[in-house]
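Read through the structure below, which is laid out as structure tokens, and then see the notes.
Treat the numbers as computed from the prediction; the structure is a model and nothing was measured.
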Amino acid sequence: DTLSFSSLCSATEKGQQWQLALVVLPQVAEEALARDTVLRSSVLSACEKGHRWQTALSLSHRSLEEEPECLDLICFNAVISACEKK
């Protein structure tokens, strides 16, 4: 379920495995599960920890177009933090 995917993304953030976090988003869509703010912020935070500011910025831009309800203050802070670390 979505909670399991969110936990997986959070673990990839802590393990600095941002690439794995990016694999989760399409799988969530494939499983027809809701992509919520917790999941999105976990993926963006994983990108931040991996110093992948371009990826975080791209994901947030795509989310704004496709699923703006999935972004919150935590998501935007993760993107800003990723850009600071570039």
Side-chain angles (χ1 to χ4, degrees):
D1 63 345
T2 305
L3 181 60
S4 298
F5 281 112
S6 295
S7 297
L8 174 61
C9 285
S10 182
T12 64
E13 172 194 352
K14 290 171 181 51
Q16 296 186 1
Q17 298 292 319
W18 62 271
Q19 302 95 329
L20 294 176
L22 295 179
V23 173
V24 171
L25 284 178
Q27 288 181 346
V28 170
E30 192 174 294
E31 297 289 328
L33 297 172
R35 292 184 275 192
D36 64 4
T37 55
V38 175
L39 174 64
R40 187 71 59 177
S41 65
S42 296
V43 172
L44 291 169
S45 293
C47 291
E48 172 209 347
K49 299 290 189 278
H51 301 278
R52 304 300 301 180
W53 67 271
Q54 302 99 327
T55 306
L57 199 57
S58 175
L59 284 172
S60 64
H61 183 264
R62 192 171 347 137
S63 293
L64 279 172
E65 291 177 343
E66 298 173 2
E67 301 171 304
E69 69 280 358
C70 288
L71 295 174
D72 64 358
L73 185 60
I74 295 170
C75 294
F76 289 117
N77 284 338
V79 173
I80 291 168
S81 183
C83 291
E84 286 178 336
K85 295 178 181 179
K86 67 175 189 157

(message) Quick check for you: to the nearest 0.5 Å, what is the distance between L71 atom CG and E66 atom CD?
(response) 10.5 Å
(message) Let me confirm one number: the NE2-OG distance from H51 to S81, rounded to the nearest 0.5 Å.
(response) 9.5 Å
Set of side chain to side chain donor-acceptor pair (under 3.5 Å) partners for [X], sequence neighbours left out:
X	value
S58	none
S60	none
S10	K14

In terms of hydrophobic clusters joined by side-chain contacts under 4.5 Å, are [X] and [Y] together?
X	Y	value
L8	L22	yes
I80	W18	no
L39	L64	yes
I74	F76	no

Considering all heavy atoms, the nearest [X]-[Y] contact:
X	Y	answer
C47	L59	SG-CD1, 4.0 Å
V43	A21	CG2-O, 3.8 Å
T37	E69	CG2-O, 3.6 Å
R40	C70	CB-O, 3.5 Å

(message) By the salt bridge (Lys or Arg N to Asp or Glu O under 4.0 Å) test, which pairs, at least two apart or in different chains, include something from residues 41-51?
(response)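 Residue pairs with at least one partner in residues 41-51: E13-K49, E48-K85.
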(message) Given C75, which partner from the list D72, V79, N77 fulfils the side chain to side chain contact (heavy atoms under 4.5 Å, CB included) test?
(response)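 Single side chain to side chain contact (heavy atoms under 4.5 Å, CB included) partner of C75 among D72, V79, N77: D72.
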(request) Could you list the residues that satisfy side chain to side chain contact (heavy atoms under 4.5 Å, CB included) with Q17, not counting sequence neighbours? (result)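 Counting only residues at least two positions away or on another chain, Q17 forms a side chain to side chain contact (heavy atoms under 4.5 Å, CB included) with T12, Q19, L20.
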